[in-house]
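Structure first, commentary second.
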Amino acid sequence: MLGAPWRAIATPGSLSTAGTAPDRKPRPVRAANGRLVFLLRSAFLSTRRSRRGSLGQVLSHLSVTLLSVSNVGISFGATELFKNITFTVADGERWGIIGRNGAGKTSIFKVITGDLQPTVGSVARKPGLRHALLDQHRAFAGATTVWQAGAAAWREVMALEQRIADQAIELGELGERVTDEFLERFGHDQERFADLGGYIYHSRVDAVLQGLGFDAEESKTRLVSSLSGGERGRVGLAAQLIAPADLLLLDEPTNHLDLDTTTWLQGWLKDADETVIVVSHDRAFLDSICTNILHVEARTSETYKGNYSQFVPQRAERRLTREREMEKQRAYVKKEEEYIRRNIAGVNSFQAKGKRKRLERLPRLAPPPGDPAAMTLRFETAERGGDQVIAVDDLRVEVPGRVLVDDFTAVLRRNDFVALVGPNGAGKSSFISTLLGDRAPASGAARIGGSITAAWFRQDLADLPLRKSMADAIQDQRPLWNRGQVQNHLGAFGFSGEEVLREIGTLSGGERARMALALMTLARANLLVLDEPTNHLDVENIEVLEDALDEYEGTVLLVSHDRAFLREVATRVWWFDGTRLTDFDGPFIEWEEDRARRAAGAGRTS
């Protein structure tokens, strides 16, 4: 298997990953026989369309099961990751898998693909099921350009395309000397080319790359080696979407996307023929695309119909029902035990012994499942600070060879919660660095007000002391605290016992995010700068962050692509429109509505 950013289980004769070919379309046939080539292709496509139509009418009434996972459990030695995972995926459904970090969501993907064998239980797949799964290493082996990396799954088709082009030239040169054997081989290659999607893959590659923020034409010459980390993530996602597959397995697909590309991805997935299973903490994304939810909780799972917003009340109702049933059973058991106690030695001894046997056989209802509590988070301020937090005057921000922001003037006021939004690469992080004085502006000024103390949650978490233990990092900020106080503080963020002695460099992304918040709360700052704080947090901890910000009495400057989070907290929006930064003095949800109206108006006038 080559290191392409996708993998597929394929039936014999379907696409493989072997071979490469230059990115060229077949040259036109310039010969009398060109008419024959055209007729061969037209007749074949016509036959395919008629067959597809009649077959589609039959299949439209059927619900085909692609995947069935039954009572699956995974254990590593004595450690049980999860058990009794059961769900069935039908053709065309879009499943969202949600749960706490470390619950085993990615392991469920590995079970589906066969990379991880269940300790107990079974997985049944439709014969010949092809899946596309993002390669986290994003090596793009064999690809030189971005377009080739995106089209990695179509290498056999590209090689066949080149062979047909060469045959067409030879056909023109042979003229009347062409043999039946040559025409038969040429027709067979064209038929196979059509079967493999050869007449659609170019437009598919272009459409996906364009939708994910790349210029399709430029991608044919732009080198993979020039991509940033975020861009490599988007190319990997593009290759996955482009690959011919029945089942798409998407693991946090929105992490490297901005608001516009996330909206495009939602539309693509809803219109796609493929069945989708997605792991995501983006509630707005799950709301938009999901038809089913698999909730992994307390080392097991439950299934729900509908999207994330429909899942929430269903889960609450199920928990309430189970609590009531458990209370009802508890009252029944108490009543029966009281009867047995009073009558076991009396005239009703026979009935009492019968009741006792029935109680012994009675299956006891378990309380509703629950995960460990989410983190406890509270942002306090050491002092109120002034009403004018940051004053920006004619600010110009540049990087070598490019202007990021030009002529921006605004005032960040006390208790403003400003969302800074814009496409990937617009310069949001560089703009923040300039506001906070970490980099000099090209011109203009940004002045932080008196008595303003800023705390910065960096997107890359680069300021964490990776070689220190969590306990030592907290102790550095609070040298007078004893071990118990340090332990209690970290315990509020989900770190307990000897775990607090782990080096920060060994932590997962989610653990590092919680550690950064644990340090941030000690600053008692009256200005919080949060650059993509939800990227590595699960839904439960994102909601804790929302609640903490709701109670915060300072000012917030926020970068995020999580629309549900922005709708919940942002009271004002600064958004990038090229090099122009526009100040929208209203909540994020109103900015979305205003932008949609503007887009609709522009569409009508164009």
Side-chain angles (χ1 to χ4, degrees), residues 68-75 78-88 95-105 107-108 118-122 281 283 286 290-346 348-376 491-492 494 496-497 538-544 546-547:
S68 179
V69 178
S70 180
N71 295 313
V72 162
I74 295 291
S75 298
T79 303
E80 181 182 67
L81 180 60
F82 52 68
K83 61 182 179 181
N84 298 329
I85 303 293
T86 298
F87 62 102
T88 300
W95 282 74
I97 302 181
I98 62 174
R100 299 291 297 278
N101 288 341
K105 301 185 294 294
S107 295
I108 292 175
T119 309
V120 295
S122 61
H281 62 259
R283 292 158 293 172
L286 294 170
C290 287
T291 61
N292 303 76
I293 296 290
L294 179 72
H295 184 212
V296 183
E297 181 182 38
R299 296 198 299 276
T300 188
S301 71
E302 289 200 39
T303 61
Y304 298 83
K305 279 281 188 184
N307 60 19
Y308 182 82
S309 289
Q310 292 164 328
F311 147 77
V312 172
Q314 287 182 65
R315 181 194 180 207
E317 185 176 342
R318 286 188 194 180
R319 292 180 70 87
L320 183 60
T321 299
R322 287 175 183 172
E323 287 169 358
R324 286 173 175 168
E325 289 173 349
M326 195 172 67
E327 284 298 320
K328 185 177 178 180
Q329 186 185 70
R330 189 179 290 125
Y332 169 76
V333 169
K334 183 178 180 181
K335 179 182 176 183
E336 294 296 279
E337 286 176 341
E338 179 63 20
Y339 180 91
I340 293 167
R341 185 186 63 78
R342 287 189 286 102
N343 294 285
I344 194 67
N348 294 323
S349 174
F350 180 77
Q351 291 92 330
K353 288 178 181 178
K355 285 179 178 288
R356 184 168 64 184
K357 287 183 179 179
R358 284 194 294 274
L359 276 186
E360 289 170 353
R361 293 194 297 268
L362 178 69
R364 295 300 198 266
L365 296 175
D371 279 326
M375 65 182 177
T376 302
S496 59
D538 50 44
V539 172
E540 289 83 355
N541 281 316
I542 292 173
E543 290 174 348
V544 168
E546 288 172 354
D547 292 340

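Given the structure is predicted, the values throughout are model-derived calculations rather than measurements.
At least one donor-acceptor pair under 3.5 Å links the side chain of Asn541 to the backbone N or O of Met375. With hydrogens and angles ignored, the 3.5 Å screen pairs a side-chain donor or acceptor of Thr321 with a backbone N or O of Glu317. Without hydrogens or angle criteria, Asn307 side chain to Gln310 main chain gives a donor-acceptor distance under 3.5 Å. Under a 3.5 Å cut-off, the side chain of Thr303 and the backbone N or O of Leu294 do not form any donor-acceptor pair. No donor-acceptor pair closer than 3.5 Å links the side chain of Glu338 to the backbone N or O of Lys335. The closest donor-acceptor contact from the side chain of Asn292 to the backbone of Trp95 lies at 3.5 Å or more, if one exists at all.
Taking the side chain as every heavy atom from C-beta outward, Ile542 and His281 approach each other to under 4.5 Å. Residues Ser75 and Thr119 form a side-chain contact, since some pair of their non-hydrogen atoms from C-beta on lies under 4.5 Å apart. Counting heavy atoms from C-beta on, the side chains of Glu337 and Leu359 come closer than 4.5 Å.
For the side-chain hydrogen bond (donor to acceptor under 3.5 Å, both in side chains) condition, the pairs that include at least one residue of residues 353-363, sequence neighbours left out, are Glu336-Lys355.
Of all non-hydrogen atoms in Leu286 and Gly96, the two that sit nearest each other are CD2-CA, 4.2 Å. Contact record, Asn84 with Thr300: O-OG1, 3.6 Å, taken as the closest heavy-atom pair. Among all heavy-atom pairs drawn from Asp538 and Gly99, the shortest one is CB-O, 3.9 Å. Across all non-hydrogen atoms, the minimal contact from Val72 to Pro118 is CG1-CB, 3.7 Å. Of all heavy-atom pairs between Tyr339 and Asn348, the closest is OH-CB, 3.7 Å. Residues Asn71 and Thr86 approach most closely at N-OG1, 2.8 Å, considering heavy atoms.
Below 30°, between 30° and 60°, or above 60°: for His295 and Tyr304 the angle between ring planes is between 30° and 60°, a tilted geometry.
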Name the atoms and distances for all side-chain donor-acceptor pairs under 3.5 Å in residues 325-332, with sequence neighbours left out.
residue: Glu327; atom: OE1; partner: Arg330; partner atom: NH1; Å: 3.3
residue: Glu327; atom: OE2; partner: Arg330; partner atom: NH1; Å: 2.3
residue: Gln329; atom: OE1; partner: Leu365; partner atom: N; Å: 2.9
residue: Gln329; atom: NE2; partner: Pro363; partner atom: O; Å: 3.0

For a side-chain contact (heavy atoms from CB on, under 4.5 Å) check, start with the C-alpha distance between Cys290 and Phe311, then their side-chain angles and the critical distance, and finish with the verdict. CA-CA 10 Å; Cys290 287; Phe311 147 77; over 6 Å; no
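Between Glu297 and the choices Arg315, Arg318, Arg100, the salt bridge (Lys or Arg N to Asp or Glu O under 4.0 Å) rule is met once, by Arg315.
To the nearest 0.5 angstrom, Asp547 atom CG is 11.0 Å from Thr376 atom OG1.
Not counting sequence neighbours, the partners of Glu80 by the salt bridge (Lys or Arg N to Asp or Glu O under 4.0 Å) test are Arg299.
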